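Notes follow once the structure below has been shown.
All values derive from a computational prediction rather than experimental measurement. Note that ligands are numbered from 1 as they come in the structure, with each ligand's atoms numbered from 1 the same way.
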Amino acid sequence: MRHDAGIGFGTAAGSPDDFVITSVEMRPFTYPTSRMADAEGHGHPGPARQATNVVLRIATRGGAEGYAFDVNPATVTVVRGLLVGRGAFEREAIWRDLRRLQRLYRRNLMDEDVATVDRALWDLMGRSLGLPVHQLLGSFRDRVPAYASTMCGDDLPDGLGTPQAYAEFAAHCQAVGYRALKLHTWMPPYGADVQRDIEACRAVRERVGPDMPLMLDPHHDYSREEALYLGRALEELDFHWLEEPMNEQSPSSYIWLSDQLDLSIVGPESVEGMMLARAEWIVQGASDISRIGVWRAGITGAMKTVHLCESFGVRLEMHGGGAGTLQVLGAMGIPGEYYERGLLHPAVSYDDTTPWLLRQIDPLTDDGQILIPTGPGLGEEIDWAYIEANATGGWS
Ligand code: LLH
Ligand code: MG
């Protein structure tokens, strides 16, 4: 049954009519960055330049607003007609409509595009009620341990070009408070090499000592034999998990790998399908720990995956960082052992990557934790003066 706008629920913050969506708009703005993507899209340090972000704003008749960054402009055009006139709190109905729309609007409505709209709607509800999203979901914890997640390997002299460079960077991460670390090693165009991966993992293990949990996220297209060889070496180095060493479109390869290793295999990270794909991996035994990202599934898809994993007694590790991820981690009653903080590199600062926020969303505490944001909505304090000053267009 379709719930039409106006049939929704009144809240302490207003009547149903107040929460009818009246506009879905975006605004582009520039910001400085010293990161770039290589030919295959992996992030690395790069020359200082201006990059563009686009913020999505969903607004209602009564003046409620919700925001999400990194929106795909083409998505806004596709979803506007579906959203305007609907109740902003009908997230589940909207989410299901968007998921159906994906079939024919695939190019502009990937999982991450549905996720962006969903994040803005959760933000809107939280801001309207003056509550953080994790409280709307049901809070479980107020902090979560972080792991340092490195950028992928490179060939920069001051970068991540050698096993020794990884060891030195890992020691630095340990010194600034991280209690766990994940290496992303070399991927094309930098030359993936199982032996070099193992050397980097060994160098890091020797440098940080036996007690620091270590994880590896290597080249995502190794063969079965290469992945098994790598996994066996990681078992000897007492690694905590191995992530995405093969193409995730082949769950059979992951079943084959998981069957032969005691080491925990984490995934899938990159396959579309949100909780549906995760359910298939779980029933097939393709990984030991499942994985979902709020930027690919939204709060709604991530929480469905949380409950799926809870029902099967499977652990779940969140992919990527950001405000929405922290809200879900704050509401997860199952581990979710870690927050992925990164991607980090010796030559770039992580702490100034979101200059459009008044306050960084995920500062690291001295004991390696991240506090779950307590502000309303996703908890992002948006610097509207910054966005205004750097806008390259109006709201449209
Ligand atoms: O391939 C990459 O650049 C990284 O693996 C990236 O996708 C990163 O987000 C990741 O996998 N984190 O776990
Ligand atoms: Mg990964």
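In this structure, Y67 has its ring center no closer than 6.0 Å to that of W356. A centroid separation of less than 6.0 Å is found between the aromatic rings of H44 and Y190. Aromatic ring centres of W281 and F312: separated by at least 6.0 Å.
The number of heavy atoms from other shown groups lying within 6.0 Å of CG (D259) is above 12. The 12-atom threshold is exceeded at CZ of R49, counting heavy atoms of other residues, nucleotides or ligands nearer than 6.0 Å. In Y105, the OH atom is not crowded: 12 or fewer heavy atoms of neighbouring residues, nucleotides or ligands sit closer than 6.0 Å.
For atom 7 (O) of ligand 1, the nearest non-hydrogen atom from the set H44, E269, H42, E317 belongs to E269.
M215 is listed as a side-chain neighbour of Y147, based on a closest heavy-atom distance under 4.5 Å. Between L109 and T75, some side-chain heavy-atom pair lies under the 4.5 Å cut-off.
For K182, the heavy-atom gap to ligand 1 drops under 4.0 angstrom. Under a 4.0 angstrom heavy-atom cut-off, E40 registers as lying outside contact with ligand 1. Residue H220 places a heavy atom under 4.0 Å from ligand 1. Look at C152 and you'll find a heavy atom under 4.0 Å from some atom of ligand 1.
Listed by number with element, the atoms of ligand 1 under 4.0 Å from a non-hydrogen atom of D217 are 5 (O), 10 (C), 11 (O), 12 (N), 13 (O). Heavy-atom contacts of E340 reach the following atoms of ligand 1: 12 (N), 13 (O) (cutoff under 4.0 Å). Near R291, meaning under 4.0 Å from one of its heavy atoms, ligand 1 places the atoms 13 (O). Atoms of ligand 1 found under 4.0 Å from any heavy atom of H184, numbered from 1 in the order shown, are 4 (C), 5 (O), 8 (C), 10 (C), 11 (O), 12 (N), 13 (O).
Judged purely by distance below 3.5 Å, without hydrogens or angles, the side chains of Y222 and D193 never pair a donor atom with an acceptor atom.
Scanning all protein heavy atoms for the shortest distance to atom 9 (O) of ligand 1 gives H319 NE2, 2.9 Å.
Per residue E269, closest N, O or S atom to the Mg ion (ligand 2): atom name OE1.
Of the angles at the Mg ion (ligand 2), the one spanning OD2 of D217 and OE2 of E243 is 80° when given to 10°.
The N/O atoms of Y147, backbone and side chain alike, include none that comes under 3.5 Å of an N/O atom in ligand 1.
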